[in-house]
Structures are given as structure tokens and as C-alpha cells.
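A short write-up of the structure that comes next.
Only a predicted model underlies this, so the values are computations on that prediction, with no experimental measurement involved.
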Amino acid sequence: MECLADLERAAAAVLPPDVRDFVAGGSGDELTLAANRAAFDRTFLVPRVLRDVSRCTTDATLLGRPAAMPLAVAPVAYHRLVSGDGELATARAAKAAGVPFAVSTLSSVPVEEITAVGGAVWFQLYWLRDGARTLELARRAEDAGCEALVLTVDVPWMGRRLRDVRNRFALPAEVRAANIDAGGTAHIRPAGDSAVAAHTSEAFSPALTWATVDRLREHTRLPLVLKGVLAREDALRAAEAGVDALVVSNHGGRQLDGAVPSLDALAELAPVLDGHRCELLLDGGVRSGTDILRALALGAAGVLVGRPVIWGLAAAGEAGARRVFELLATELRTALGLAGCADVTVARTLRTVR
């Protein structure tokens, strides 16, 4: 496996069609899903020359802590859909790679078992209809040793993902949302709908507001990250509210179809937040080390990678996930050196042509 596309093909060959669609698909006509990749493909770097890159390093700092590269594992639900060890395999691979793992509220393994692996873990939080229960979950993650809370803010309810609707997608009996319940409606195939969508509509609150963010900020000592911000007005308000970082994200093209590509939004938000103590991360469409370099050049402190990790797990379990990180680290170091950047800090000074 010499690139992430090889792992995607290997995963597609072994996954059941409905699970493959659940992982790969987007909402609506999947315009934003495709646009996320197109945004990278139309972004070109202007490399520098005659610079010493003999000691080129991918080392980075994310949320004030060291990482082996400017990358974290994006929160993706239900890893046990594709691999028996599920999130435990992902956690071991991320630890070996030296990168943080953002564990989903909808993880198929309890957060305590994941943090026990010993790597850097962030906890992605969906705001549940029961606010007190949500705060208990946040405290549980903090007590388990998570290093940050990542509040997803773009899911009042799940986008209409037509592949899942057509498949009447439901979780198998052995896979459940281990952090919140046994799965409930997520296991029952509804007529003309996705069981996972029905479950999240039942569980998640559509009443998430800035007051909720303030409430969570007062409740935790952990760094607070908002995931799903695309508008400059929202980014500025978050920075002024003391949020530690933003994940510029359209949920991998799985929420509002027609939303701006994440990379385009990053290019707009980075100058707006210049001077604010609010880190920018990017999620959506990252498929190579050169993509990571593009994001850095446009102002990101790092990226989140989701689907490729799931492909690696599906193709070869923990070893497959490790291969994803190995490929990205090799590609990033190669791209840094060829662009005349000895480290990721210098990469942020590169110019781009879009």
C-alpha cells in the first residue's frame, strides 16, 4: 500500500456495501463531499529553494501539546463496524504514530478503555437532549484522561445521506454507542430512512446555542474546540468567547450539501483570526501529506483525518491504521523538504496559488 487510495480500494473490497456507503457517503447529491477534494486539487504551492532541509522534521504542537506531525484522528463513529477491535486499534495506532485521537461520542468502545491505551486522546462531544447528561459525559471524559473537548456544532440533526436512506442502514447487533446507550433505534431498520439518522435525531439536541458553549466552558478545565465552523462571524465570536481552537469543517460533506469546502473556508478564516489566540484546524478531504502542507500554508495549525483511518482499519486492522499514519508522515516530510521548509512553522509562510 503506497498511498491512501490503495487502502481505500482494499477497504472497498472487503466491506459490506452498506457499511462502505456509510463510511464513504455524503449528504444530498454529495456536492460538498466532492468539492472538499476539488478545493485541494485547485490549490498549488509556491516552493522555496536554496534552503537547508537536511534536518527536515514534521514535529508540531496541537492545543499546546507536542505531536509527531500536525495531524489528529478525526472523530468517526462506530469503528467496530469495520474492525473487531474498533477504536482500541485506532488508539494503539495513533499512539504509535504520536498523534492525538479524537474519540467520538458515538464510539463503539467506552472512552475509559481508549484512554487506557495511553496515547493523547481528545473527546468529541455531541450535545444531547439531556444537557445535564451531556455535562456528565464531558466530566467522564475529563476524568478518563482526555486532553481536550471537541464540541461538534453543525449537527442539530443528521444530514439526509441518501446512500444510507436507500440502504435503510442500521447498526449490527454487536455494535453500539458505548458511551451513551446500547444503540436503541440505531439497530432497527426503518422504512425509507436510516436507523442511524433516526437514532441521532432522537438523541441530539437541536437547541445548541452560544449559551450552551458558555455553559460547557464553565464546566470543564480542558481546552475547548468547536468543530464545524465555516462562517467568519461564528469564528470571530468563538475566538472572543475564549474558545481554544476551531475545526474548520463541513462534516466531511455529510451535513449541509452545498456548504463551502473546508479548505476554502480556511483560506477566508485564517486572516480574520490573525492575532486571536484561537488555533485553526482543518477537517475534510485530506488524502496526502501534500494536502497537509496545503492546509498549513493556508493558515491551519494542523488537520484532522477521518475516512482514511477507517479504510486502514477495514483493510488490515491496527496495522492498516498504522500504515495510514506512516504514509502521511512520509509524504508530509517529502513535501516539506521539496517546498524548502525545514519544519511546519516555516510551512505556514508558503504562498499558494488558487
Side-chain angles (χ1 to χ4, degrees), residues 4 23-27 30 32-41 43 60 62-63 67 69-77 79 90 94 99-107 120-126 148-155 158-159 161 223-231 234-235 238 243-257 259-270 273 278-312 324-325 328 332:
L4 296 190
V23 174
S27 62
E30 299 187 347
T32 295
L33 176 65
N36 275 344
R37 267 311 313 160
F40 280 98
D41 291 340
T43 300
L62 296 176
L63 299 183
M69 54 180 156
L71 177 149
V73 180
V76 178
H79 290 203
T90 309
V99 298
F101 174 21
V103 174
S104 174
T105 290
L106 299 177
S107 165
V121 176
W122 304 346
F123 189 77
Q124 177 270 333
L125 189 67
Y126 284 117
L149 289 179
V150 181
L151 178 65
T152 293
V153 295
D154 61 353
V155 187
M158 188 179 285
R161 303 171 190 173
L224 179 59
V225 182
L226 300 190
K227 179 178 180 292
V229 175
L230 295 169
D234 293 335
V243 169
D244 297 282
L246 302 177
V247 181
V248 182
S249 171
N250 52 42
H251 216 98
R254 292 161 76 83
Q255 283 302 103
L256 174 64
D257 193 31
V260 62
S262 297
L263 194 69
D264 290 348
L266 172 68
E268 179 181 6
L269 295 188
L273 289 189
C278 184
E279 201 164 281
L280 280 179
L281 304 170
L282 175 89
D283 170 70
V286 176
R287 298 294 181 267
S288 71
T290 302
D291 288 344
I292 300 173
L293 183 56
R294 289 169 167 136
L296 296 176
L298 287 171
V303 302
L304 275 63
V305 174
R307 286 183 178 96
V309 177
I310 301 302
W311 300 336
V324 169
F325 301 131
L328 289 172
L332 176 58

Given 3.5 Å as the limit, does a donor-acceptor pair link the side chain of Arg294 with the main chain of Leu263, or not?
no

The test is side-chain contact (heavy atoms from CB on, under 4.5 Å); show your working for Leu246 and Leu273 and say whether it passes.
CA-CA 10 Å; Leu246 302 177; Leu273 289 189; 3.8 Å; yes

For Asn250 and Leu256, run side-chain contact (heavy atoms from CB on, under 4.5 Å): C-alpha distance rounded to whole Å, both residues' side-chain angles, the deciding distance at 0.1 Å, then the answer.
CA-CA 7 Å; Asn250 52 42; Leu256 174 64; over 6 Å; no

Give me the atom names and distance for the closest heavy-atom approach of Ala259 to Leu230.
CB-CD1, 4.2 Å

Show the numbers, then the answer: is there a side-chain contact (heavy atoms from CB on, under 4.5 Å) between Thr290 and Phe40?
CA-CA 9 Å; Thr290 302; Phe40 280 98; over 6 Å; no

By the definition side-chain contact (heavy atoms from CB on, under 4.5 Å), identify the one residue from Leu282, Val73, Val99, Leu71 that meets it with Val305.
Leu71

Taking salt bridge (Lys or Arg N to Asp or Glu O under 4.0 Å) as the definition, give me every residue that meets it alongside Asp244, ordered by chain and number, with sequence neighbours left out.
Arg217

Applying ring-ring contact (aromatic ring centres under 6.0 Å, His included), can you list everything that pairs with Phe101, at least two apart in sequence or on another chain?
His79

Arg37: which residues meet the salt bridge (Lys or Arg N to Asp or Glu O under 4.0 Å) condition with it, sequence neighbours left out?
Asp41, Asp291

For Ala245, check side-chain contact (heavy atoms from CB on, under 4.5 Å) against everything at least two apart and list the hits.
Leu63, Val225, Glu279

Please find the pair of heavy atoms, one from Ala270 and one from Leu280, that lie closest to each other, and give the distance.
CA-CD1, 3.6 Å

Sub-3.5 Å donor-acceptor pair from the side chain of Arg254 to the main-chain atoms of Gly159, do we have one?
no

Side chains of Val247 and Ser262, heavy atoms from C-beta outward: is any pair under 4.5 Å?
no

Partners passing side-chain contact (heavy atoms from CB on, under 4.5 Å) against Val155 (at least two apart in sequence or in another chain)
Tyr126, Thr152, Phe204, His251, Gln255

So which heavy atom on Asp283 is nearest to which on Gly252, and how close?
OD2-N, 4.1 Å

Closest heavy-atom contact between Leu298 and Thr43?
CD1-CG2, 4.2 Å

What closest approach, in Å, do Leu328 and Gly289 show between heavy atoms, and which atom pair accounts for it?
CD2-N, 3.8 Å

Mind listing the closest non-hydrogen atom pair of Ala300 and Leu266 along with its distance?
CB-CD2, 3.9 Å

Considering residues at least two apart in sequence or located in another chain, which fulfil the salt bridge (Lys or Arg N to Asp or Glu O under 4.0 Å) criterion with Glu30?
Arg163

